[in-house]
Amino acid sequence: MCVANFKPTPSKCHYVFNLRDIAKVTQGIMQISQTEIKSTSTLVALWVHESMRIFHDRLNDDRDRNLFLRIINKMLETKFDTTWRSLFSNDQVKPVFGRFLGEPDYDPNGDSDDEDFDQSAFCNQKYQDLTNSIPELRKKLMDKLMNCNDDPMASRPGNLVLFDQALRHITRICRVIAQPRGCALLIGVGGSGRQSLSKLAAYVCDFKVFQIETTQRYRQQDFYEDLKKLYIGTGVKCKPTVFLFSDTQLIEECFLEDINNILNSGEVPGLFLPDELSAVLEEIRKDAEREGRRLSQEALYNYFIERVRKNLHVLLCLSPVGSAFRNRCRMYPSLTNCCTINWFPPWPEDALTALAEKYLDDPQLLDLKLDRKILNVLPSIFCTIHVNATKFSTSMLNETKRANYITPTKYLDLVQTYKSLICEKTNHISSLASKLRNGLGKLGTTAKQVQLLEFELKEQGKIVDAESLKCEKLNVVIMEEKREAQAQRTKVEEESLKSKADVERCSKLEIRASVELGKALPALESAKAALDNLSKKAITEVKTYVTPPPMVEKVMKAVMCLMGKEPTWQSAKKEMGFANFVDRLKKYDKNNIKPAILKKIKAYRKDPNFVPEFVWKISVAAGAMCDWVCAMDLYADVYKKVKPLQDKLEGAQKELAYKQRGLRQKQEELKNVEAHIASLQADFRAAENHKNLLQERKHALELKKERALKLIDGLSGEKKRWEVSIEQYMKSKLHLPGDCALAAAFITYAGPFDAGYRENLYRSWRVALKEMPSDRYVHIYIYMYIYIYIYIYIYI
């Protein structure tokens with residue numbers, strides 16, 4: 001019946017039917033277990049389901065699909081003595097069978113004899129009727145979708161909307177890949193959900209998804225390297241894998257030739273080099289031996305290809321647009337012969353509405369605080385816009401032979417563009433209105449501030465006057481203090497000059513006394529040196545004299561006179577017996593020698609032999625003491641002359657010290673006065689700075705008041721205009737939902753149409769937007785050009 005009624009044409013090149021399709025129907029029926037066949041109706045419904053999956057799903061227009069359903073219904077009446085309504089209770093209900101909600105269809109503790117038995121949990125569930133369990137199926141798949149998106153190891157399909165048609169496509173893909181060597185050809189335009197639904201179906205079946213990653217330099221050799229990884233994963237590691245391949249990855253047409261070979265025989269000629277193939281076969285040798293397979297090279301290779309075909313499921317996603325699909329079906333027949341074909345028709349209106357509802361449930365839109373009624377009606381409006389664009393595209397194709405493909409991607413662009421436009425324009429208008437409101441608020445605030453400024457200026461003037469008076473008084477005090485300080489400074493300078501003269505006079509007296517004393521100092525130093533050289537032996541030598549030489553005796557008597565002792569030899573011997581005799585001579589008080597003693601000394605010195613040089617010849621000790629006596633006599637004579645000078649110097653120094661103390665006291669007083677003046681000057685400068693600061697602040701307040709008055713006078717006429725503008729902005733904000741929907745529709749769909757079709761589109765969309773607030777007086781082309789510019793600016 002299908003061969004007779006569905007002939008292949010250039011637009012239906014995949015309408016090719018053969019006995020493999022009958023085998024696929026039978027294979028599908030054999031998936032169900034005996035326990036699930038509860039009646040003849042169940043088996044007939046399963047036959048209808050499997051026939052639809054093989055024949056109905058490849059049909060690409062509603063006329064052929066309706067014809068197929070009539071053929072099935074007729075066969076039900078003639079062959080099975082039943083009707084569609086009897087089986088499914090409603091003509092609109094389509095049968096759904098699957099493994100999603102069933103229990104395991106095998107004994108977990110037993111072994112399976114089926115060589116194609118798969119340990120996947122999904123593949124081992126019972127195949128059962130799900131026609132009346134769509135809500136449970138949707139919940140099950142939603143849970144799987146959430147888990148898949150959260151699984152870092154899975155190929156994430158994204159945030160999908162599982163409307164009824166999407167659910168049916170998932171069940172169809174799962175049905176194919178759960179079968180041994182099941183492969184599918186998914187035909188649909190871009191954005192129809194082929195790849196996303198395939199990824200979710202693979203996750204449901206616990207299969208790994210394998211996709212190539214193309215680049216600008218991706219060529220056949222790179223494709224072979226990816227195929228090697230795929231074959232090793234499925235043939236060596238035995239991982240059930242879905243090879244998901246789309247026509248957008250078809251860099252070179254030779255890729256399809258290799259895929260055609262995979263679908264037909266499972267092997268790609270020349271894929272592995274000899275040494276690579278030997279390594280691969282060596283890895284599966286143990287498995288082949290355990291299964292009792294022959295171990296020759298050819299047998300191992302066949303075993304390897306068998307495992308690949310068992311675990312590999314190819315899902316081809318091709319677009320029917322243009323002649324490429326027709327040429328590929330003709331050149332590579334395995335695409336249609338070895339694959340179960342599933343045609344993705346345009347999304348139904350319920351799918352479009354559900355998708356829009358999900359995308360519009362966005363916190364960003366909720367923040368705009370749009371009317372809930374508008375958000376509720378938008379999905380149906382978007383659906384109408386999309387359907388109208390599709391109808392006009394069909395009309396344009398029939399009338400002008402120009403094809404314009406309205407894909408689901410455009411519908412997604414419509415929703416996303418609307419979201420971008422409504423958010424941007426709402427924020428823009430709100431920003432403009434907010435600026436004007438701020439301006440009005442500033443005007444009101446400025447008027448209030450002028451009153452405050454007048455009061456503050458008055459108070460500030462009082463403070464400035466008080467500070468000026470304070471500065472004047474402080475300046476008078478400073479001038480008086482300066483005059484007193486100047487008089488005191490003059491007195492101090494005079495006293496300082498007198499003190500300098502006294503210092504010079506004292507210095508001269510000190511110099512004269514030093515000169516006179518300098519005459520006797522050499523003799524004193526000589527005597528001191530002689531005493532230092534005087535040893536105990538020399539003194540003992542003198543002391544041992546019973547009858548000393550006359551000069552020695554005379555010298556010792558002179559020494560006794562100076563020491564205030566009895567001038568006799570016995571007294572001299574006694575004094576020399578003391579250990580500190582020499583130290584007493586060294587420490588002798590030469591400044592206070594009595595005149596009577598000096599008179600006696602001079603009497604001794606009248607002897608011409610009473611000189612150190614002569615006495616040294618008699619005794620060294622006596623010579624040293626003679627030198628000391630002469631030095632004392634000489635020093636006494638000089639000291640008589642120096643003493644008055646020293647007394648005069650001492651008196652002058654005392655007087656000078658007294659005057660200097662007075663001078664220092666006056667200088668300290670002058671310093672305190674100057675410090676007080678400096679403090680007053682600092683206070684004056686601070687008061688002056690404070691006064692200047694207050695004056696500057698007063699001046700600034702005057703300027704601020706002047707500017708505020710100018711602002712109020714200049715904008716007094718703008719206030720009313722701003723209020724009107726704010727009201728207009730609020731009205732335009734109310735019109736934004738409809739205007740943005742219309743603009744988004746034009747941006748998304750109107751490009752390929754000429755002016756006539758665009759005008760018709762505009763009218764049809766206006767009708768659809770009658771429930772939405774929009775500006776009826778602004779021509780659509782103004783919006784179109786504005787929003788196209790915004791779209792290019794944002795997205796390009």
Exercise for review: Output yes when a side-chain donor or acceptor of K229 lies under 3.5 Å from a complementary backbone atom of E225, and no otherwise.
Suggested key: no
**Study point:** T234/N311 under side chain to side chain donor-acceptor pair (under 3.5 Å): CA gap, chis, key distance, verdict
**Key:** CA-CA 5 Å; T234 55; N311 293 293; over 6 Å; no
Practice item. Kindly give the heavy-atom pair with the smallest separation between N261 and P269, and that separation in Å. Key: ND2-CD, 3.7 Å
Review point. So H386 and Y749, would you call those rings parallel, tilted or perpendicular, with 30° and 60° as cut-offs?
Key: perpendicular
Point to revise | Test: R328 and E253 ion pair at under 4.0 Å | key: yes
**Study point:** salt bridge (charged side-chain N to carboxylate O under 4.0 Å, His left out) partners of R53, counting only residues at least two apart
**Key:** D57
Practice item. Indicate yes or no: does D151 engage R156 in a salt bridge with an N to O separation below 4.0 Å. Key: no
Review point. Can we say R307 and D287 salt-bridge, meaning some charged N sits less than 4.0 Å from an Asp/Glu carboxylate O?
Key: yes
Practice item. Step through the shown structure and confirm whether more than 12 heavy atoms of other residues, nucleotides or ligands are within 6.0 Å of NZ on K208. Key: no
Study note, to complete from the structure: On a heavy-atom basis, the closest approach of H49 and P95 is CD2-O, 3.3 Å
Revision key, fill the gap. The side chain to side chain contact (heavy atoms under 4.5 Å, CB included) partner of I177 among T340, L312, L315 is L315
**Study point:** Side-chain donor/acceptor of T9 to backbone N/O of K12, under 3.5 Å
**Key:** yes
Review point. Does a side-chain N-to-carboxylate-O contact under 4.0 Å join E267 and R309?
Key: no
Point to revise | Under 3.5 Å: donor-acceptor pair, side chain of K419, backbone of Y359 | key: yes
Point to revise | Electrostatic pair R168:D164 at N-O distance under 4.0 angstrom | key: no
Practice item. Measure the acute angle between the ring planes of F255 and F245, then classify it against the limits of 30° and 60° as parallel, tilted or perpendicular. Key: perpendicular
Point to revise | is_close_aromatic(H14, W343), centroid dist under 6.0 Å | key: yes
Exercise for review: Write down the atom of R20, the atom of N264, and the distance for their closest heavy-atom approach.
Suggested key: NH2-OD1, 4.5 Å
Point to revise | Side-chain donor-acceptor pair present, Q249, E213, cut-off under 3.5 Å | key: no
Exercise for review: Please work out which of the three classes, parallel, tilted or perpendicular, describes the rings of Y15 and F6, given edges at 30° and 60°.
Suggested key: perpendicular
Practice item. Dump the intermediate steps for salt bridge (charged side-chain N to carboxylate O under 4.0 Å, His left out) on K139 and D143, then the final yes or no. Key: CA-CA 6 Å; K139 184 177 183 304; D143 293 340; 3.7 Å; yes
Review point. Is it true that a side-chain atom of R219 and a backbone atom of Q216 form a donor plus acceptor pair closer than 3.5 Å?
Key: yes
Review point. Where the side chain of N73 meets the backbone of L69, is there a donor-acceptor pair that is under 3.5 Å apart?
Key: no
Check your understanding: Any chance CG of L19 has more than 12 other-residue heavy atoms, nucleotides or ligands included, within less than 6.0 Å?
Key -> no
Review point. Is there a side-chain contact between L141 and L145 (heavy atoms, below 4.5 Å)?
Key: no
Review point. Between A45 and F88, which heavy-atom pair has the shortest distance, and what is it?
Key: CB-CE2, 3.8 Å
Exercise for review: Kindly check if the number of other-residue, nucleotide or ligand heavy atoms within 6.0 Å of CZ (R285) is above 12?
Suggested key: yes
Practice item. Inspect the surroundings of NZ in K140 and state if more than 12 heavy atoms from other residues, nucleotides or ligands are less than 6.0 Å away. Key: no
Exercise for review: For the pair F207 and H313, name the ring-plane relationship: parallel under 30°, tilted 30 to 60°, perpendicular over 60°.
Suggested key: parallel
Point to revise | NZ/NE/NH1/NH2 to OD/OE distance under 4.0 Å, E289 and K286 | key: no
Point to revise | Where G28 and Y127 come nearest, the two heavy atoms and their spacing | key: O-CE2, 4.0 Å
Check your understanding: Does the side chain of S334 come under 3.5 Å of the side chain of N260 through a donor N or O and an acceptor N or O?
Key -> yes
Exercise for review: Please determine, by modelled atom types, if N18 and N337 share a side-chain donor-acceptor pair under 3.5 angstrom.
Suggested key: yes
Check your understanding: Looking only at side chains, do Y301 and Q297 share a donor and an acceptor under 3.5 Å apart?
Key -> no
Check your understanding: Just checking, any donor-acceptor pair under 3.5 angstrom between side chains of D226 and Y218?
Key -> yes
Check your understanding: More than 12 heavy atoms of other residues, nucleotides or ligands under 6.0 Å from NZ of K239: is that the case?
Key -> no
Exercise for review: Determine the minimum heavy-atom distance between W84 and V93, stating which atoms define it.
Suggested key: NE1-O, 3.0 Å
